[in-house]
Number of protein chains: 2
Amino acid sequence: MAAAMQVVDTQGAGAFSMRALGAFLECDPTAMYRHFTGKNALLDALVDSVVREGAATLPETDDPRADIRENFRQLRRSLLAHPTLAPLVLRRPPGVGAYWERSDHAVAQLHRAGMDPVDAANVYQTLLFYTLGHTLSEARQLARAVEREGAGAEGGPVAAVRPPEDRHPDLSDVAPHLRDDNEAQFLAGLDLILRDLPR
Amino acid sequence: MAAAMQVVDTQGAGAFSMRALGAFLECDPTAMYRHFTGKNALLDALVDSVVREGAATLPETDDPRADIRENFRQLRRSLLAHPTLAPLVLRRPPGVGAYWERSDHAVAQLHRAGMDPVDAANVYQTLLFYTLGHTLSEARQLARAVEREGAGAEGGPVAAVRPPEDRHPDLSDVAPHLRDDNEAQFLAGLDLILRDLPR
DNA sequence: ACCTGAACACCGTTCAAGT
DNA sequence: ACCTGAACACCGTTCAAGT
């Protein structure tokens with residue numbers, strides 16, 4: 001799996017193949033079928049390991065809102081560390097499986113902040129889907145750079161919108177306020193969703 | 001393109017190939033290279049057509065909030081109409097290109113409701129990324145069904161969470177409140193983000 | 001138990017050749 | 001202008017054979 005992740009990170013998930021992994025490990029491409037049922041299972045395992053990354057050490061301070069922020073911030077960072085792999089999280093149902101610890105932590109903090117279960121369920125799901133949408137979009141732009149120039153390339157802002165001004169006047173008005181800093185923009189969305197968390 | 005969409009919808013985007021399209025059109029698989037630079041360009045065109053679907057006829061009533069809801073509700077429905085194609089929206093930068101009309105409409109309604117440009121930019125992006133995250137997650141579950149049973153299959157709820165109760169007590173508390181109705185759940189998230197839209 | 005290598009049924013794309 | 005068909009360099013996966 002470590003080798004597979006290395007191939008994915010350096011060549012991109014698109015160039016990852018059983019044959020490429022075999023070449024990297026200097027073994028026959030079919031040897032992996034002893035250890036994984038196939039390419040899909042291997043990729044699923046990689047994705048799950050990324051989602052689980054750091055989920056066991058999520059903070060629990062006296063500020064539940066900050067702890068929730070940190071939870072999703074960390075999920076974002078883990079996914080962005082492997083931009084070409086990130087879109088494959090959609091292969092797994094969200095919120096279950098590898099997400100257990102993370103989900104439980106987020107819901108626990110919402111509960112701790114005095115939110116009732118109905119609101120907590122709603123807020124939790126909105127946070128998760130927002131994070132996935134934002135992060136996968138950003139990852140795609142990053143991935144484009146990786147696939148062109150190899151590992152370590154940099155991507156531009158996720159939404160540097162420059163619409164044709166004459167045809168879309170309203171959009172042109174807000175365009176300057178779409179932040180260049182993707183992380184700040186991401187956190188602003190989290191805060192919007194968490195805006196009236198009790199206390 | 002119509003033929004390509006038909007192949008994608010019936011066989012699934014995973015089974016879509018130049019050779020499959022050639023067989024469907026009863027022509028040589030390489031004939032398409034006269035009309036599209038390659039498979040990627042063809043898929044991008046399909047994705048753009050889905051994103052643009054209905055964007056020209058978005059409502060503009062005296063209730064801006066309802067109009068925004070309808071905008072994203074419609075984007076969700078268009079994407080879910082082609083569940084195996086939906087994840088490929090990530091191939092295109094969000095909010096630009098095929099999104100122009102849709103983005104401009106949403107921002108115009110936020111503006112019309114009295115929101116200042118900074119907040120409008122933040123709310124708009126949060127709505128878009130939330131919608132993408134929610135919809136692509138739902139589409140994947142639907143796609144699984146399509147690929148197993150062919151077109152027209154039904155998927156389950158996007159998040160019927162049944163966590164191991166002993167290990168994740170907080171999550172178990174909210175699980176019953178995660179709605180089975182995916183559309184209702186989706187709209188609840190939109191309303192959460194739009195919660196204090198002026199007027 | 002684990003690895004090898006041939007084989008099968010596929011891919012996207014290019015290019016010379018046809019009409 | 002458009003289509004064909006051979007060809008190239010790839011895929012994932014299976015299976016009999018080895019150690």
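Note that these values count all heavy atoms, side chains included, but never hydrogens, waters or copies made by symmetry. In the text below, chain A, chain B and the rest are named by the order of the sequence lines, each starting its count at 1.
- Judged purely by atom type and a 3.5 angstrom limit, B:N71 uses its side chain to pair as donor or acceptor with the backbone of B:R102.
- The CE atom of A:M32 sits 12 Å away from the C1' atom of D:dT13 (whole-angstrom rounding).
- Checked by atom type and distance alone, the side chain of A:R73 never pairs as donor or acceptor with a backbone atom of A:E70 at under 3.5 Å.
- Residues B:Y130 and A:T126 bring no donor and acceptor atom of their side chains to less than 3.5 Å of each other.
- A donor-acceptor contact under 3.5 Å is formed by the side chain of B:T30 with the base of D:dG5.
- Straight-line distance from the CG atom of A:D28 to the P atom of D:dT13: 14 Å, rounded to whole Å.
- For A:R34, whose side chain is taken as the heavy atoms from C-beta onward, the closest listed nucleotide among C:dC2, C:dT13, D:dC2 is C:dC2.
- For B:S17 and C:dC11, the shortest distance from a side-chain N or O to OP1 or OP2 is below 4.0 Å.
- Applying the 6.0 Å contact sphere to CZ of A:R195 captures more than 12 heavy atoms from other residues, nucleotides or ligands.
- C:dT13 atom P lies 13 Å from atom CZ of B:F36, rounded to whole Å.
- The interatomic distance linking B:R19 (CZ) with D:dA7 (P) rounds to 14 Å, in whole Å.
- Checked for salt-bridge contact, B:R76 and B:E183 meet the test: a charged N lies under 4.0 Å from a carboxylate O.
- The shortest distance between side-chain heavy atoms of A:L42 and A:M18 falls below 4.5 Å.
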## Note on the structure
Pairs under 3.5 Å (Watson-Crick or G-U), crossing ones as [ ], inter-strand ones as |: DNA chain C comes out as ||.|||||...|||||.||
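- In this structure a side-chain-to-backbone donor-acceptor pair under 3.5 Å is missing from B:H134 to A:L128.
- Per the geometry, CG belonging to A:L25 stands 14 Å off C1' belonging to C:dC2, to the nearest Å.
- Rounded to an integer number of Å, the gap from A:M18 CE to C:dT4 P is 15 Å.
- Rounded to whole Å, atom C1' of D:dT13 lies 14 Å from atom CG of A:L42.
- When the P atom of D:dC11 is taken as reference, atom OH of A:Y33 falls 12 Å away, rounded to whole Å.
- Within the structure, a side-chain polar atom (N or O) of A:H35 is placed less than 4.0 Å from OP1 or OP2 of C:dC3.
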